[in-house]
Amino acid sequence: VQLQASGGGPVHPGDSLRLSCVNSGGTVDRNSLGWFRQAPGQEREFVATINWNGETIIYADSVKGRFTISRDNMRRSVYLQMNNLKPEDTAVYHCAADSSPNYSGLYMDYWGRGTLVTVSS
């Protein structure tokens with residue numbers, strides 16, 4: 001598994017961004033996938049996870065109703081649609097994959113390089 005996130009950048013409060021993450025190391029059909037973020041000087045934080053078939057999705061309370069995680073197994077990808085962005089969403093966003101098809105925790109097996117999202121006016 002080799003994950004690479006993209007799609008970050010500087011935006012204003014209220015804007016939207018769509019992050020993408022592709023696995024160049026093969027399929028992710030049986031993997032749980034997730035997005036996590038780390039703000040400067042803070043611990044890594046759970047954002048959202050999606051199980052192997054997309055039927056179990058979990059969001060952090062801080063992003064519920066604003067962010068949407070989705071996956072496309074044919075494209076070996078996971079996405080994070082972020083709407084109504086706030087300054088407190090500023091962080092490096094990492095995608096991750098777990099060997100278990102139904103894992104939703106913080107300690108996934110495989111991690112990609114992150115993409116920086118900066119929300120400021």
Side-chain angles (χ1 to χ4, degrees):
V1 177
Q2 296 179 331
L3 303 169
Q4 178 63 57
S6 62
V11 295
H12 297 299
D15 286 351
S16 297
L17 271 179
R18 185 183 190 229
L19 304 183
S20 299
C21 175
V22 62
N23 175 31
S24 60
T27 65
V28 292
D29 295 17
R30 300 295 296 176
N31 296 94
S32 301
L33 300 171
W35 287 97
F36 303 81
R37 66 188 182 186
Q38 188 166 18
Q42 296 189 22
E43 298 289 323
R44 182 176 293 170
E45 177 188 22
F46 164 85
V47 175
T49 57
I50 185 168
N51 78 326
W52 72 280
N53 62 5
E55 291 185 355
T56 302
I57 293 175
I58 301 174
Y59 294 101
D61 287 343
S62 59
V63 307
K64 205 172 290 184
R66 300 187 298 122
F67 291 10
T68 303
I69 188 172
S70 61
R71 64 186 296 158
D72 185 339
N73 289 345
M74 290 293 291
R75 290 181 167 80
R76 299 171 289 147
S77 295
V78 60
Y79 307 98
L80 187 68
Q81 177 67 42
M82 305 186 295
N83 298 330
N84 190 21
L85 282 160
K86 303 176 180 180
E88 52 263 42
D89 294 319
T90 295
V92 175
Y93 284 71
H94 297 269
C95 57
D98 196 82
S99 301
S100 168
N102 294 296
Y103 182 71
S104 59
L106 186 58
Y107 304 103
M108 291 199 165
D109 294 327
Y110 307 100
W111 293 83
R113 297 180 66 178
T115 184
L116 176 63
V117 174
T118 304
V119 186
S120 68
S121 54

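Ser32 places a side-chain N or O within donor-acceptor distance of the main-chain N or O of Pro101, the cut-off being under 3.5 Å. Side chain of Ser20 to main chain of Ser6: no donor-acceptor pair is present (N/O by atom type, distance under 3.5 Å, no hydrogens or angles).
Cation-pi contact between Arg71 and Trp52: absent, since separation from the ring centre below 6.0 Å together with deviation from the ring axis within 45° is not met.
More than 12 heavy atoms of other residues, nucleotides or ligands lie within 6.0 Å of CD in Glu88, so this atom counts as buried by the packing criterion.
Separation of the Trp35 and Phe46 ring centroids does not fall under the 6.0 Å cut-off.
From Asn23, atom CG reaches atom CG of Leu3 across 5.0 Å, with rounding to the nearest 0.5 Å. To the nearest 0.5 Å, atom OG of residue Ser77 and atom CG of residue Asp72 are 6.5 Å apart. Here CZ of Arg37 is found 15.5 Å from SG of Cys95. Values are rounded to the nearest 0.5 Å. One finds the CG atom of Leu17 at 9.0 Å from the CZ atom of Phe67 (value rounded to the nearest 0.5 Å).
A salt bridge links Lys64 to Asp61: at least one charged side-chain nitrogen sits closer than 4.0 Å to a carboxylate oxygen. Electrostatic pairing of Arg66 and Asp89 counts as a salt bridge here, judged by a charged N lying under 4.0 Å from a carboxylate O.
Heavy-atom minimum distance, Met108 versus Ala97: CB-O, 3.6 Å. Annotation for Ile69 and Gly34: closest pair CD1-CA, 4.2 Å, computed over non-hydrogen atoms. Summarising the geometry of Val47 relative to Val63, their closest heavy-atom pair is O-CG2, 3.6 Å, with the distance given to 0.1 Å.
Defined by atom type and a distance below 3.5 Å, a donor-acceptor pair is missing between the side-chain atoms of Asn31 and Asp29.
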